[in-house]
Amino acid sequence: MSEDVVKPLDFLWFIPSSGDGSYLGSDDLARPTDPGYFREIATTVDRLGYSGVLIPVGAACEESFVLASNLAAYSEKLKFLVAVRPGTATPAYYARLASTLDRVSNGRLLLNIVVGGSATELAGDGIFLPHDERYDHAAEFFKVFNELLETGSSHLEGKYIQAHDAKLGLPPVQAPRPPLYFGGSSDAAIDFASGLVDKYLTWGEPPEQVAEKVRAVKAAAAKRGREVTFGIRLHFIVRESDDDAWAAADRLISKLSDATIEAAQAGLRNGSDSVGQARMNALHGGNRDKLEVSPNLWAGIGLVRSGAGTALVGSPKSVAARLKEYQEIGIDTVIASGYPHLEEAFRVSELLFPEIGIPGPRNALRSSFGTPQVFGGGGHAGNVKLNAGAASFKKSAG
């Protein structure tokens, strides 16, 4: 095991900006998009010890830069992983967005490069390039984007990008620029990542498949004289026991009909040219009877959800063991989520964080007299055993 494994994981949460709920594929107990709810999640995870949040991108989501700027005003330490989508705006315009958000958040911006996804959605944004060519376009885009953030100026006469003496008036807080995150499983995506990004992200595939990706990206980056760090995107269903966790997983898809699964899978197959999405689909094949695809790794979410479709399911010790396996591969960052996102943020922090060495503030609560804080005491001594000094103080205070 490398020395890096000793360091606790960098653990981010997720803002469900297209809606949230307690059941997949059902309107029962669904929560619509609500800026107040997003702020509640952000302020909660800021207190619970999460380092940041991913804000998703897509036609069904709130705009990520705008939402991040709102949430930054209500949080203190939280970082915001926000999408840059080449082709939806110029690199100069995105550079101004990124610099301003980094400045108003006092250096709390992380940048998530999103090149592909749904071909139908890309067409709606006016992007019609074939899969691999989108990465050639993105390489030109980020040449201008990075130069603007790092030096304040850029000029390019490219095949896809024309930027004539572009200028950026105000630099970001982070130097030379906010970190670049990216996920993509195709050969073109890995080649693109190896020359540009700081952190390569993978969806939650079985460890042996993640290890193959990590090796491929490391080798490609080494040829360019670069090093890349690695993160994983996963859902979590953590309960006090393994049995309780698996029961919660079954409950999450208990109102999901076969017809809904079939329709969702058809859309995912036909509406996306993403290699990563195809790999997610292949884990379960649309079959709800074969969902544990690796120990504690459950593919039930991917029956209807695009993108990240797997969850780690189990007790804190079981899930911690699986995370350790990913760390040994080279993963140092987790971007996590769970349904519903507010409640599951508490569960992951309270149950899992102590097992993986993350000192969330709720895990260190103590009374003012040094004894553990015990729930249920109310205005009386309750279950807390008072020491002699405390008992004397209580008596004299009436």
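Since we're looking at a predicted model, the values are computed, not measured. One-based numbering along the sequence shown.
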Plane angle bin for His137 and Phe141 - parallel if under 30°, tilted between 30 and 60°, otherwise perpendicular: tilted
Derivation of the salt bridge (Lys or Arg N to Asp or Glu O under 4.0 Å) call for Glu344 and Arg239: CA-CA 10 Å; Glu344 293 304 308; Arg239 298 295 186 269; 3.1 Å; yes
Worked check of salt bridge (Lys or Arg N to Asp or Glu O under 4.0 Å) between Arg288 and Glu262: CA-CA 11 Å; Arg288 69 165 84 221; Glu262 290 173 9; over 6 Å; no
Side-chain donor-acceptor pair present, Asp125, Thr88, cut-off under 3.5 Å: no
Distance-only polar pair, side chains of Tyr23 and Arg251, donor-acceptor under 3.5 Å: yes
Flag side-chain contact, heavy atom, 4.5 Å: Asp34 against Arg31: no
Residues Glu157 and His164: side-chain donor-acceptor under 3.5 angstrom: yes
Under 3.5 Å side-chain donor-acceptor pair for Lys223 and Ser194: no
Lys213 side chain reached by Glu205 side chain, heavy atoms, under 4.5 Å: yes
Contact summary for Arg103 and Pro171, nearest pair of heavy atoms: NH1-O, 2.9 Å
Tyr135 and Phe192 aromatic ring geometry - parallel, tilted or perpendicular at 30°/60° bounds: tilted
Audit row: Arg305, Tyr339, side chain to side chain donor-acceptor pair (under 3.5 Å) steps and yes/no: CA-CA 12 Å; Arg305 187 195 191 279; Tyr339 296 95; 3.1 Å; yes
Pair Glu147-Lys143, salt bridge (Lys or Arg N to Asp or Glu O under 4.0 Å): steps then yes or no: CA-CA 6 Å; Glu147 286 179 354; Lys143 182 178 189 305; 2.8 Å; yes
Residues forming a ring-ring contact (aromatic ring centres under 6.0 Å, His included) with Phe230, sequence neighbours excluded: none
Test salt bridge (Lys or Arg N to Asp or Glu O under 4.0 Å) applied to Asp102 and Arg177, step by step: CA-CA 9 Å; Asp102 199 47; Arg177 52 157 175 75; over 6 Å; no
Exam field: side chain Glu355 to backbone Pro316, donor-acceptor pair closer than 3.5 Å: no
Check: Phe38 ring centroid to Tyr74 ring centroid under 6.0 Å: no
Ser337 and Arg233 side chains, donor-acceptor separation under 3.5 Å: yes
Check: Phe11 ring centre within less than 6.0 Å of Phe236 ring centre: yes
Parallel, tilted or perpendicular: ring planes of Trp13 versus Tyr50, cut at 30 and 60 degrees: tilted
Any donor-acceptor N or O pair under 3.5 Å, side chains Asp273, His131: no
